[in-house]
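Keep in mind it's a predicted model, so treat the numbers as computed, not measured. We name chains A, B, ... by the order of the sequence lines, and we start the count at 1 in each one.
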Protein chains: 2
Amino acid sequence: MSDHQQRRIPSTPGISGDALPPVEQHAKQYETVRNAHETELIEDYVELIGDLIRHRGEARAADISNRMAVSQATVSKMIRRLNELGLVTSKPYRSLFLTEEGQKMAETSRARHDVVLHFLRALGVDDSTARIDAEGMEHHVSDETLAIMQRFTEQHQQ
Amino acid sequence: MSDHQQRRIPSTPGISGDALPPVEQHAKQYETVRNAHETELIEDYVELIGDLIRHRGEARAADISNRMAVSQATVSKMIRRLNELGLVTSKPYRSLFLTEEGQKMAETSRARHDVVLHFLRALGVDDSTARIDAEGMEHHVSDETLAIMQRFTEQHQQ
DNA sequence: GATAATTGTTAGCTAAGGCTAAACTGTTTG
DNA sequence: CAAACAGTTTAGCCTTAGCTAACAATTATC
Ligand SMILES: [Mn+2]
Ligand SMILES: [Mn+2]
Ligand SMILES: [Mn+2]
Ligand SMILES: [Mn+2]
């Protein structure tokens, strides 16, 4: 359960950076990341579908395939999964719609995405880099950090 | 290739947030995230092995299993992979060592991790939250953003 | 309205990253 | 030094997320 107690080799204290965090805290770091990865892609799909509907009037599998740079087969399979999760409704060969729950997720995800994107721009990051970084970072920002980012952005707006 | 040109449904311009980015740029966002995910776990393992060696004198599979909260079987399998990738050397039932390349990766990863962690603390994020967020964010921060974070931290140090 | 082009689906493959259960090795202890 | 314990490995299973190739449906074009 604990770290190995045997064969302890003397370390050189003081000369290297921060100490290792306690095992439980350390484990929580990785667990949180694993959990985020489970929902990450689903959120991106739902958010994109919401954006397509908002900006283009409808969401087609081909658009998702192009914008995500992924095969149509991959999109088709994922749509089936989103369906099973109760996030989208779809009829074969027709465009996609979000369920209530899907719409909620899309809004939440987009809002979070926007906070991160605007924060990075406020920090001074170039727009296209900020967009790339935000696409990944958004899934790993806690509510606490998100609130701080939002406040920072407001104070540095203009 | 392009977004669907047919059946365009009129959208309501102006009332909703930012426009969708051009298809190529949008695709690059997701591609970059997918690429980061490919190396993410490997970097975390190598970084952790380096930290264990630095702080505890040696890296044992059981320590990794405990600190990552993952089964020993999972660790064992991953170590084989790190071996094949030329990042660690290991003999059965003995502790782990990093190759030259592994050491380089460990250092780079830890440096990046530290920049993100210290940045979050400088922003005002609570330490334990900062640690959790940094564990995920570190893999999605571009060099450009990293440099900006570092500068920010230096200016807000004390 | 027939044909061509585009879009969507299905089947079957791969790799990564988890797990449990069982077997094996190395270390500690009575 | 034998037994018990701790640590490691292997085998076999599952899910996710990608791919290609073949087929099916819809939409556009002549
Ligand atoms: Mn997003
Ligand atoms: Mn994203
Ligand atoms: Mn790290
Ligand atoms: Mn990490």
Side-chain angles (χ1 to χ4, degrees), chain A residues 1-9 27 30-46 48-49 52 56 58-85 87-96 139, chain B residues 1-9 27 30-46 48-49 52 56 58-85 87-96 139:
Chain A
M1 230 337 101
S2 63
D3 288 296
H4 59 93
Q5 300 293 346
Q6 330 89 316
R7 284 160 291 121
R8 177 66 42 72
I9 293 166
Y30 296 112
E31 278 167 2
T32 305
V33 172
R34 284 196 298 273
N35 289 339
H37 284 158
E38 272 178 31
T39 50
E40 190 165 332
L41 191 58
I42 287 165
E43 284 168 22
D44 282 344
Y45 266 85
V46 167
L48 177 54
I49 291 168
L52 286 168
R56 318 291 302 265
E58 65 174 352
R60 290 245 151 209
D63 296 346
I64 300 175
S65 165
N66 287 330
R67 298 197 96 93
M68 288 207 170
V70 127
S71 77
Q72 294 203 349
T74 297
V75 173
S76 198
K77 206 199 269 190
M78 183 57 88
I79 288 168
R80 197 185 322 148
R81 228 186 116 205
L82 297 176
N83 233 305
E84 285 161 7
L85 292 170
L87 295 166
V88 313
T89 60
S90 63
K91 289 177 195 163
Y93 299 98
R94 310 258 74 130
S95 70
L96 307 168
H139 310 281
Chain B
M1 232 333 103
S2 61
D3 287 299
H4 59 94
Q5 299 293 347
Q6 332 86 315
R7 284 162 292 123
R8 177 65 44 71
I9 292 165
Y30 297 113
E31 278 167 0
T32 306
V33 173
R34 283 196 298 272
N35 289 340
H37 284 158
E38 272 178 31
T39 50
E40 189 165 334
L41 192 57
I42 288 165
E43 284 168 21
D44 282 343
Y45 266 85
V46 168
L48 177 55
I49 291 167
L52 286 168
R56 319 290 302 265
E58 65 175 351
R60 289 245 152 211
D63 296 346
I64 300 174
S65 164
N66 287 329
R67 298 196 96 90
M68 288 206 170
V70 126
S71 77
Q72 294 202 348
T74 296
V75 173
S76 199
K77 206 200 269 190
M78 182 57 88
I79 288 169
R80 197 187 321 147
R81 231 187 113 204
L82 297 176
N83 233 306
E84 285 160 7
L85 291 171
L87 295 165
V88 313
T89 59
S90 63
K91 289 176 194 163
Y93 298 98
R94 310 256 73 129
S95 70
L96 307 170
H139 310 280

request  = Name all residues meeting the side chain to side chain contact (heavy atoms under 4.5 Å, CB included) criterion together with B:Ser71; count only those two or more places apart in sequence or in a different chain, and write none if there are none.
outcome  = B:Ala73, B:Thr74
inquiry  = How close do A:Ala27 and B:Asn66 get, counting heavy atoms only, and between which atoms?
reply    = CB-O, 4.0 Å
ask   = In chain order, what residues pass the side chain to side chain contact (heavy atoms under 4.5 Å, CB included) check against B:Ser76, with sequence neighbours excluded?
value = none
inquiry  = Going by the rule side chain to side chain contact (heavy atoms under 4.5 Å, CB included), which residues pair with B:Leu41 if we only count those two or more places apart in sequence or in a different chain?
reply    = B:Tyr45, B:Met78
Between the protein and nucleotides 22-25 of chain C, list the N/O to N/O atom pairs that are separated by less than 3.5 angstrom.
unit_1: C:dC24; atom_1: O2; unit_2: B:Tyr93; atom_2: OH; d: 3.4
unit_1: C:dT25; atom_1: O4'; unit_2: B:Tyr93; atom_2: OH; d: 3.4

Please list, one pair per line, the donor and acceptor atoms closer than 3.5 Å that link side chains of residues 87-96 of chain A to other protein atoms, with sequence neighbours excluded.
unit_1: A:Ser90; atom_1: OG; unit_2: A:Asn83; atom_2: ND2; d: 2.6
unit_1: A:Ser95; atom_1: OG; unit_2: A:Glu58; atom_2: OE1; d: 3.4

query = Has A:Arg80 got a side-chain N or O lying under 4.0 Å from the OP1 or OP2 atom of C:dT9?
reply = no
request  = Grab the CE-P distance between B:Met68 and C:dG18 for me, whole Å please.
outcome  = 8 Å
query = Of A:Arg94 and A:Ser71, whose closest DNA chain D nucleotide lies nearer the 5' terminus?
reply = A:Ser71
task = Give B:Val75 one of three labels, base, sugar-phosphate or nothing, depending on what nucleic acid heavy atoms sit under 4.0 Å from its own.
result = nothing
Polar pairs (N or O, both sides) under 3.5 Å between protein and nucleotides 11-17 of chain C?
unit_1: C:dG17; atom_1: OP2; unit_2: B:Arg81; atom_2: NH1; d: 2.0

task = Any chance you could lay out the side chain to side chain contact (heavy atoms under 4.5 Å, CB included) test for A:Arg67 and A:Leu52, step after step, and finish with the verdict?
result = CA-CA 10 Å; A:Arg67 298 197 96 93; A:Leu52 286 168; 4.0 Å; yes
ask   = Minimum heavy-atom separation for A:Ala69 to B:Glu31, with atom names?
value = CB-OE2, 3.2 Å
Length of the line joining B:Glu58:CD and C:dG26:P, which is rounded to integer Å = 15 Å
ask   = When you measure from the side chain of A:Asp63 to the backbone N and O of A:Ala59, does any donor-acceptor pair fall under 3.5 Å?
value = no
